[in-house]
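Here is the structure we will look at, set down as structure tokens.
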2 protein chains.
Amino acid sequence: MRSRGFDGFSYADLASAIGIRKASIHYHFPRKSDLGLALMQRYRADLDQQLDAIDASSKTGGERLKRQIRRYRDALGVGDRLCLCVALSISSEAFDDTVTHEMLSFRSRSVDWLRSVFEQGLADQSISNVADPAAEAMSCLAVLEGAHLAGRTQGSVMRFDEAVRLLTDRLAQR
Amino acid sequence: MRSRGFDGFSYADLASAIGIRKASIHYHFPRKSDLGLALMQRYRADLDQQLDAIDASSKTGGERLKRQIRRYRDALGVGDRLCLCVALSISSEAFDDTVTHEMLSFRSRSVDWLRSVFEQGLADQSISNVADPAAEAMSCLAVLEGAHLAGRTQGSVMRFDEAVRLLTDRLAQR
DNA sequence: GTCTATAGGGAGATAGAC
DNA sequence: GTCTATCTCCCTATAGAC
């Protein structure tokens, strides 16, 4: 789903990949949209968990932001995968409100978390040039997702790194 | 293609939309990938033409950047369309090198143009806080495409505007 | 919970008349 | 260059045995 898009793979693809039959997948996820919803729900739950883990072990805004950038970098694979929320955005006409709701939750959780991170970075001086944490948060999510697209199109993590460099350059050196 | 993705529409959809038969479309574009290539080529040619038009009629970096942001904003429709290059990124495994080449050309033309715009904005002081035009250019393209995704997911141009606000706030008022 | 078998439809694509 | 007709294949999805 993250490398070919929602319409780019079939139950037959999954079946042969995991060594099971199509009908067995339909037992767990009757319709394909059920599978999309389940993955998006899990993706969102993972986000909550991992952002909590970052908050627990990193204390400065700069350090927290650095780890979130790293998470996006890792999620890109070798330039062959996208954030699930990005991948599903293109096919969103195919989904009902439950999937859309999950995607909106994912985005608002991301932006809210980033806003608090920029607020911290402003307070503890671990991120430079922060004037408006709310605007920074929305811009930052756009940069991370846009950098994913750059890396994906060119099949190169380097393009991701280049696109987020303006961001990483603002993190205080330790 | 820009609202449902490459795999999200069929020749039958096109045929009924324009009042023609599937076979007639196949006469012009034998395989679906031919259609994808043709659209991407046209999209890229349009970019060249429109950036030239911006250069011809706007002289400051800030004014030029403002018009490119406006172009992306308009391209979003009412939050139901994406940049073609963004939409095809997800399905890029389905394409051969010719389409990928066109997408890479599109991106490098965008970034090169943006770099020169930031250089101008630095020189004529029409864009504030420019330290590294090359990094600004790559970040800017990411923001524009990421802002598209934000607007698309929420079906709202307002989300686009919010995501690019950090950028528009840097443009000198006149 | 997984299997075989199959339904039912729509996909991309082609042949050949006009 | 557009049409009708059709091909072949694969899609999502279901029925029912084990």
Side-chain angles (χ1 to χ4, degrees), chain A residues 1-45 80-82 84-103 152-153, chain B residues 1-45 80-82 84-103 152-153:
Chain A
M1 214 176 280
R2 285 175 50 200
S3 60
R4 301 190 204 169
F6 185 74
D7 297 316
F9 74 96
S10 68
Y11 272 42
D13 294 329
L14 296 182
S16 75
I18 61 180
I20 203 176
R21 295 297 161 137
K22 287 189 294 175
S24 309
I25 307 178
H26 277 288
Y27 172 80
H28 299 279
F29 307 99
R31 278 158 296 146
K32 200 182 182 186
S33 61
D34 296 326
L35 180 58
L37 177 59
L39 283 188
M40 195 60 224
Q41 284 171 333
R42 190 182 72 175
Y43 203 70
R44 188 198 175 286
D80 61 331
R81 284 176 296 168
L82 286 170
L84 183 62
C85 197
V86 172
L88 295 188
S89 292
I90 278 76
S91 315
S92 58
E93 283 188 14
F95 299 124
D96 59 23
D97 289 347
T98 61
V99 180
T100 304
H101 174 262
E102 213 62 37
M103 293 169 67
R152 161 77 170 153
T153 302
Chain B
M1 214 177 279
R2 287 175 51 199
S3 60
R4 299 189 204 169
F6 185 75
D7 297 316
F9 73 95
S10 68
Y11 272 43
D13 294 331
L14 297 182
S16 76
I18 62 180
I20 203 176
R21 295 298 162 135
K22 285 193 296 174
S24 307
I25 307 178
H26 276 288
Y27 171 80
H28 298 279
F29 308 98
R31 278 159 294 145
K32 199 182 183 186
S33 60
D34 296 326
L35 180 58
L37 177 59
L39 283 188
M40 195 61 224
Q41 284 172 333
R42 188 182 70 175
Y43 204 70
R44 186 198 175 287
D80 61 332
R81 283 176 296 167
L82 287 171
L84 182 62
C85 197
V86 171
L88 295 188
S89 291
I90 278 76
S91 314
S92 57
E93 284 187 14
F95 298 124
D96 59 23
D97 289 345
T98 60
V99 180
T100 305
H101 174 263
E102 213 61 38
M103 292 168 70
R152 161 79 170 151
T153 302

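By convention in this document, chain letters (A, B, ...) are assigned in the order of the sequence lines, proteins followed by strands, and residues within each chain are numbered from 1. Any value given below was found using the heavy atoms of this structure, including those in side chains, with hydrogens, waters and symmetry copies removed.
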So how far is it from L88(B) CG to R2(B) CZ, rounded to the nearest 0.5 Å?
-> 10.5 Å

Residues two or more places apart in sequence or in another chain: which of them pass side chain to side chain contact (heavy atoms under 4.5 Å, CB included) with D96(B)?
-> T98(B), V99(B)

Could you check which residues of residues 89-99 of chain B get a heavy atom under 4.0 Å from DNA chain D? Sort them by number, please.
-> none

Provide the full list of salt bridge (charged side-chain N to carboxylate O under 4.0 Å, His left out) pairs with a residue in residues 4-19 of chain A, sequence neighbours left out, each pair given once.
-> R4(A)-D13(A), R4(A)-E93(B)

Kindly write out the residues that satisfy side chain to side chain donor-acceptor pair (under 3.5 Å) with S92(B), not counting sequence neighbours, or none if the list is empty.
-> R152(A)

Donor-acceptor pairs under 3.5 angstrom involving side-chain atoms of residues 19-32 of chain B: please list them, not counting sequence neighbours.
| unit_1 | atom_1 | unit_2 | atom_2 | d |
| --- | --- | --- | --- | --- |
| H26(B) | ND1 | P30(B) | O | 2.8 |
| K32(B) | NZ | F6(B) | O | 2.7 |
| K32(B) | NZ | F9(B) | O | 2.7 |

DNA chain D contacts made by residues 14-30 of chain B, counting heavy atoms under 4.0 Å | I20(B), R21(B), A23(B), S24(B), Y27(B), H28(B)

Could you pull out every donor-acceptor pair under 3.5 Å between side chains of residues 36-45 of chain A and any protein atom, sequence neighbours left out?
| unit_1 | atom_1 | unit_2 | atom_2 | d |
| --- | --- | --- | --- | --- |
| Y43(A) | OH | L84(A) | N | 3.4 |
| R44(A) | NH1 | D48(A) | OD2 | 2.7 |

Anything under 4.0 Å to a heavy atom of chain A counts; send over the first and last such nucleotide of DNA chain C, read 5' to 3'.
-> dG1(C) to dT4(C)

For DNA chain C, find the residues of residues 1-13 of chain A with a heavy-atom distance under 4.0 Å and give them by number; none if there aren't any.
-> none

Side chain to side chain donor-acceptor pair (under 3.5 Å) involving T153(B) - partner list, sequence neighbours excluded = S89(A)

